[in-house]
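This report concerns only the one structure given below.
Chain naming here is simple, since letters A, B, ... match the order of the sequence lines and numbering starts at 1 in each. Predicted, not measured: the structure shown is a model, and the values here were computed from it.
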Protein chains: 2
Amino acid sequence: MSNIKDIAAKAGVSIATVSRALRQPNLVKEKTALKIRDAIEALDYKPNMLAASLRRQKADAVIIAVPSIHNPFTSAFVQGVENVARENGTKVLLALTEGRQDLLDRHYEMIAGKQADGLILLDVISPSALAGQTPGDDPLPIVLACEYDSAVDQPRVRVNDLEAAAEIAAHVASLGHRQIAILSGPSAQRMSRDRQRGFRLGLRRAGIEEDDALVVGGDYSLRSGVAGANALLDSGRKFTAILCENDEMALGAIHAIAARGLRVPDDISVTGIDNLRFAEFANPGLTTIALPNEQIGEEAMRLMLDFAIDPDGARREVVVPHRLIVRGSTAAPTPRM
Amino acid sequence: MSNIKDIAAKAGVSIATVSRALRQPNLVKEKTALKIRDAIEALDYKPNMLAASLRRQKADAVIIAVPSIHNPFTSAFVQGVENVARENGTKVLLALTEGRQDLLDRHYEMIAGKQADGLILLDVISPSALAGQTPGDDPLPIVLACEYDSAVDQPRVRVNDLEAAAEIAAHVASLGHRQIAILSGPSAQRMSRDRQRGFRLGLRRAGIEEDDALVVGGDYSLRSGVAGANALLDSGRKFTAILCENDEMALGAIHAIAARGLRVPDDISVTGIDNLRFAEFANPGLTTIALPNEQIGEEAMRLMLDFAIDPDGARREVVVPHRLIVRGSTAAPTPRM
DNA sequence: TTGTATGCGTTATCAA
DNA sequence: TTGATAACGCATACAA
């Protein structure tokens with residue numbers, strides 16, 4: 001493997017000139033640059049980025065930490081981060097935490113180890129290093145996205161979960177539903193709390209009284225959607241719609257309802273939040289709230305870049321818009337005789 | 001940020017000893033090691049991995065290149081790679097190619113740039129560097145998975161696409177279907193060709209004559225599943241089942257069929273391949289072939305590790321098993337009167 | 001416009 | 001068991 005020294009020798013210049021030709025081409029004479037280009041070509045030289053990063057004290061890489069990429073939401077998010085990173089010559093390293101603190105911490109060490117410049121976090125947990133921070137300390141290069149814990153104070157990009165949930169609840173109420181069930185997520189998570197509060201807010205605004213007996217807890221998985229819907233149906237309580245805190249549970253709920261020979265939306269309307277790709281092609285198509293997943297990733301990366309320039313002056317929060325998407329899974333309740 | 005020198009000073013030893021205490025603890029006296037541990041603790045020292053990698057000429061990182069992580073298959077695959085990588089102290093960097101040669105090549109440069117030791121490729125394209133190889137050259141640290149082009153000769157892990165497809169075709173035939181349509185992928189890809197050949201093989205084995213008019217081409221997307229099913233239904237040809245080359249298209253097909261007021265499987269049986277998570281909870285549940293996605297990732301990473309130890313002696317191919325999963329989307333054809 | 005020389009933070013060789 | 005020191009490959013301050 002050839003290095004900068006070989007190129008310098010071959011081109012008959014100093015290594016400093018080679019380095020400049022690569023990094024600040026305008027500082028080197030055209031003719032010299034040409035010789036260097038030839039040498040690079042001839043020796044198939046590839047700069048050692050490790051050495052460059054070590055010297056410049058900058059890795060030009062960021063880590064995205066996510067619990068799992070089994071989630072289609074995550075995918076689009078990562079794509080968004082990639083988009084902006086690419087434009088800025090930054091590499092993106094994806095880290096999977098599985099929700100485990102130790103794994104997250106180990107990945108976070110890559111920052112201390114200078115292998116990455118910052119961390120973009122799409123998870124409910126956060127690095128231990130963050131907890132150990134006191135007001136006087138230097139700010140940490142961490143950007144939070146959506147699922148953050150509200151306790152930590154870092155640059156963040158988020159959706160208005162509360163209003164999004166209220167909006168879809170309003171949609172269902174406007175169709176004429178009055179007995180409306182809720183399939184919630186883990187109430188330990190801020191996002192879940194916000195969405196549930198949003199559902200309730202939307203119902204109250206429509207003059208519908210809340211009924212805690214129609215609220216069932218899940219964990220955002222397909223499977224818990226099935227379980228939740230079954231629990232509701234088994235309870236014997238009457239309801240004509242289920243508001244689910246995410247699409248996965250909604251798809252599970254639809255599956256469970258169909259499995260009992262009931263029909264969506266004729267017997268029960270179902271809604272989600274997220275607008276996964278599969279939501280459009282479910283049977284029936286799922287009424288949901290579209291989140292600009294990719295844009296969220298893009299904004300997160302921009303916050304990261306801002307931070308690199310000015311750790312203290314960087315923007316603290318970006319709120320991205322959501323949008324109601326009505327499909328076949330919601331309809332007016334069928335009058336019972 | 002403290003470095004190894006600070007620790008050495010604080011502990012009253014040389015930097016060589018500190019380095020040893022970290023990498024070969026058994027070579028240093030217990031008492032010394034303790035002093036060093038204390039110093040590390042006190043100064044919150046984190047080794048600079050960049051410097052270490054530069055010196056050791058090894059990054060302990062591999063790149064996984066995938067077209068997109070919008071595909072749930074990809075997710076499990078990455079998870080598998082992570083599993084094995086983690087056990088071996090190797091970092092995993094995810095690269096998205098979007099099927100673009102230039103993006104793949106740019107990521108491949110990270111290997112020349114020493115930021116990564118190898119590339120695991122889950123894509124139909126391959127780095128230009130691979131094309132430029134001639135028999136005498138050193139082998140490249142590239143492992144191929146599943147969607148490789150059969151032209152390139154590198155360590156690879158794959159599924160027996162041919163037999164998998166034949167098996168599910170046999171299942172449908174055994175239910176009594178005789179007019180069976182095929183929704184294929186891009187025939188430029190080896191995997192698609194294998195699966196289509198497999199379908200035809202399975203049908204022939206069951207004594208069913210092939211009918212090219214019942215073969216429609218798609219691109220593995222949900223949307224093309226919808227389009228393909230519509231094309232078949234519009235053709236006016238009779239068929240009682242559709243074999244799809246992947247789950248996404250199958251889910252799209254089910255959606256299209258339902259949208260026309262037809263029922264799956266009563267009117268038309270549908271099958272996929274992949275066993276995506278969503279396949280289980282579709283309406284109806286999708287009959288498909290399960291691929292051990294995570295295991296594929298694990299095997300790929302193992303091949304990579306083997307390669308690192310012995311570039312020439314490493315295993316060349318691993319074939320992982322598949323499994324037929326029968327769900328509600330297939331049934332015996334309904335007798336027409 | 002170019003060259004010299006130093007340092008980035010490690011690891012590894014060799015000698016003690 | 002430990003220490004001194006030379007790389008690893010590059011970027012940059014300073015000098016020319």
Side-chain angles (χ1 to χ4, degrees), chain A residues 1-40 43-61 89 91 109-117, chain B residues 1-40 43-61 89 91 109-117:
Chain A
M1 206 55 206
S2 59
N3 60 23
I4 201 172
K5 226 160 144 185
D6 301 328
I7 303 303
K10 177 113 183 166
V13 298
S14 75
I15 62 167
T17 304
V18 175
S19 181
R20 270 190 295 259
L22 258 34
R23 294 215 155 261
Q24 297 131 314
N26 50 321
L27 292 188
V28 37
K29 210 164 64 181
E30 177 66 25
K31 204 175 136 201
T32 317
L34 219 65
K35 281 192 301 185
I36 293 175
R37 256 200 294 282
D38 288 347
I40 289 178
L43 272 53
D44 190 31
Y45 166 68
K46 311 281 186 198
N48 184 320
M49 301 311 291
L50 239 40
S53 293
L54 174 60
R55 174 61 228 248
R56 301 196 310 138
Q57 298 286 63
K58 194 159 183 313
D60 287 325
K91 267 122 203 157
E109 277 177 15
M110 290 183 69
I111 293 175
K114 301 297 180 190
Q115 302 190 156
D117 305 316
Chain B
M1 206 56 207
S2 60
N3 59 24
I4 202 171
K5 227 160 144 183
D6 301 327
I7 303 303
K10 177 113 182 167
V13 298
S14 74
I15 62 168
T17 303
V18 176
S19 180
R20 267 190 298 260
L22 258 33
R23 292 215 156 261
Q24 298 130 315
N26 50 322
L27 291 188
V28 38
K29 213 164 61 179
E30 177 66 25
K31 205 175 136 200
T32 317
L34 218 65
K35 282 192 299 187
I36 293 175
R37 257 199 295 281
D38 287 347
I40 288 178
L43 272 54
D44 190 30
Y45 165 68
K46 311 282 184 197
N48 183 320
M49 301 310 292
L50 239 38
S53 292
L54 173 60
R55 176 61 230 238
R56 301 196 311 138
Q57 299 285 62
K58 194 159 181 313
D60 287 324
K91 267 123 204 158
E109 277 176 15
M110 290 183 68
I111 293 174
K114 301 297 179 191
Q115 304 192 118
D117 305 317

Would you list the protein and nucleotides 9-13 of chain D atom pairs, both N or O, that sit under 3.5 Å from each other?
from, atom 1, to, atom 2, distance (Å)
D:dG9, OP1, B:Gln57, NE2, 3.3
D:dG9, N2, A:Ala51, O, 3.4
D:dC10, OP1, A:Tyr45, OH, 2.5
D:dC10, OP1, A:Asn48, N, 3.0
D:dC10, OP2, A:Ile4, N, 2.4
D:dA11, OP1, A:Arg23, NE, 2.5
D:dA11, OP1, A:Arg23, NH2, 3.4
D:dA11, OP2, A:Ser19, OG, 2.7
D:dA11, N3, A:Arg55, NH1, 2.0
D:dT12, O4', A:Arg55, NH2, 3.2

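- Crowding of A:Lys5 atom NZ: a count of heavy atoms from other residues, nucleotides or ligands under 6.0 Å not exceeding 12.
- Between B:Val28 and B:Val13, every side-chain heavy-atom pair lies at or beyond the 4.5 Å cut-off.
- Between B:Ser14 and B:Thr17 there is a side-chain heavy-atom pair separated by less than 4.5 Å.
- An OP1 or OP2 oxygen of D:dT1 is reached within less than 4.0 angstrom by no side-chain nitrogen or oxygen of B:Thr32.
- A:Asp6 places a side-chain N or O within donor-acceptor distance of the main-chain N or O of A:Asn3, the cut-off being under 3.5 Å.
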### Task
Dump the intermediate steps for side chain to side chain contact (heavy atoms under 4.5 Å, CB included) on A:Lys31 and A:Leu34, then the final yes or no.
CA-CA 5 Å; A:Lys31 204 175 136 201; A:Leu34 219 65; 5.7 Å; no
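- Contact check for A:Lys35 versus A:Asp38: no side-chain heavy atoms found under the 4.5 Å cut-off.
- Interatomic distance, OG1 of B:Thr32 versus CD of B:Glu30, reported as 9.0 Å (0.5 Å rounding).
- Put simply, the side chain of B:Asp117 gets close to the backbone of B:Ala59: a donor and an acceptor are under 3.5 Å apart.
- A:Lys114 and B:Leu50 get closest at one heavy-atom pair: O-CD2, 3.2 Å.
- Running 5' to 3' along DNA chain C, contacts with non-hydrogen atoms of chain A at under 4.0 Å begin and end at C:dT1 to C:dG9.
- The closest side-chain heavy-atom distance from A:Gln57 to B:Met1 is not below 4.5 Å.
- A rotation axis mapping the C1' atoms of four pairs onto the next four is fitted at both ends of the helix from C:dT1-D:dA16 to C:dA16-D:dT1 over five pairs, and the angle between these axes is 30° to 10 degrees.
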